[in-house]
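These notes are about the structure you will find just below.
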Amino acid sequence: MSSECQGKSSWPELLGVSGATAVAIIERENPLVTAIIVPPGSSVIFDFCCDRVWVYVDNNGNVDRVPRIG
């Protein structure tokens, strides 16, 4: 976790969970962030941001990378 970011910063327990469920859990556990689902093949910007969590999902809509602040 970057020292500048507050609250929970990583959610390894959400691997395999549906993207929509993951977004709800992330935003409940750290209300300072917005979780955004990233479908397969989509691109994202790479600037670091303490109030954003990319939630990468597979073709079935399940989380396939550990969601982290950034």
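Note that the coordinates shown come from a computational prediction; the quantities given were computed from them, not determined experimentally.
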Q. Under the salt bridge (charged side-chain N to carboxylate O under 4.0 Å, His left out) test, which residues partner R68, sequence neighbours left out?
A.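 Salt bridge (charged side-chain N to carboxylate O under 4.0 Å, His left out) check on R68 returns nothing, list empty.
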Q) Can you list the residues that meet the salt bridge (charged side-chain N to carboxylate O under 4.0 Å, His left out) rule with E13, with sequence neighbours excluded? A)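 Once residues adjacent in sequence are excluded, the partners of E13 under the salt bridge (charged side-chain N to carboxylate O under 4.0 Å, His left out) criterion are K8.
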Q: Identify the heavy atoms of G19 and V57 that sit nearest to each other, and give their distance.
A: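 Here G19 and V57 meet closest at CA-CG1, 3.8 Å.
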Would you be so kind as to tabulate the donor-acceptor pairs closer than 3.5 Å made by side chains of residues 33-49, with sequence neighbours excluded?
from, atom 1, to, atom 2, distance (Å)
S42, OG, P39, O, 3.1
D47, OD1, R52, NH2, 3.3

Q) Does L15 belong to the same Ile/Leu/Val/Met/Phe/Trp/Tyr cluster as I25, with side-chain heavy atoms less than 4.5 Å apart forming each link? A)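 Yes: a chain of side-chain contacts under 4.5 Å links L15 to I25.
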Q. Under a 4.5 Å side-chain heavy-atom rule over Ile, Leu, Val, Met, Phe, Trp and Tyr, are V17 and Y56 clustered together?
A.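 As far as the 4.5 Å side-chain criterion goes, Y56 and V17 are not connected within one cluster.
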Q) N30 versus V53: any side-chain heavy-atom pair under 4.5 Å? A)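 A side-chain contact is absent here, since even the closest heavy-atom pair is not under 4.5 Å.
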Could you list the donor-acceptor pairs under 3.5 angstrom formed by side chains in residues 58-66, with sequence neighbours left out?
from, atom 1, to, atom 2, distance (Å)
D58, OD1, N60, N, 2.9
D58, OD1, G61, N, 3.1
D58, OD1, N62, N, 2.9

Q. Got a sec, which residues hit side-chain hydrogen bond (donor to acceptor under 3.5 Å, both in side chains) with W11, two or more places apart in sequence or on another chain?
A.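 Residues passing side-chain hydrogen bond (donor to acceptor under 3.5 Å, both in side chains) with W11: E29.
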Q: Find the distance between CD1 (I26) and OG (S10) and round it off to the nearest 0.5 Å.
A: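 One finds 9.0 Å between CD1 of I26 and OG of S10.
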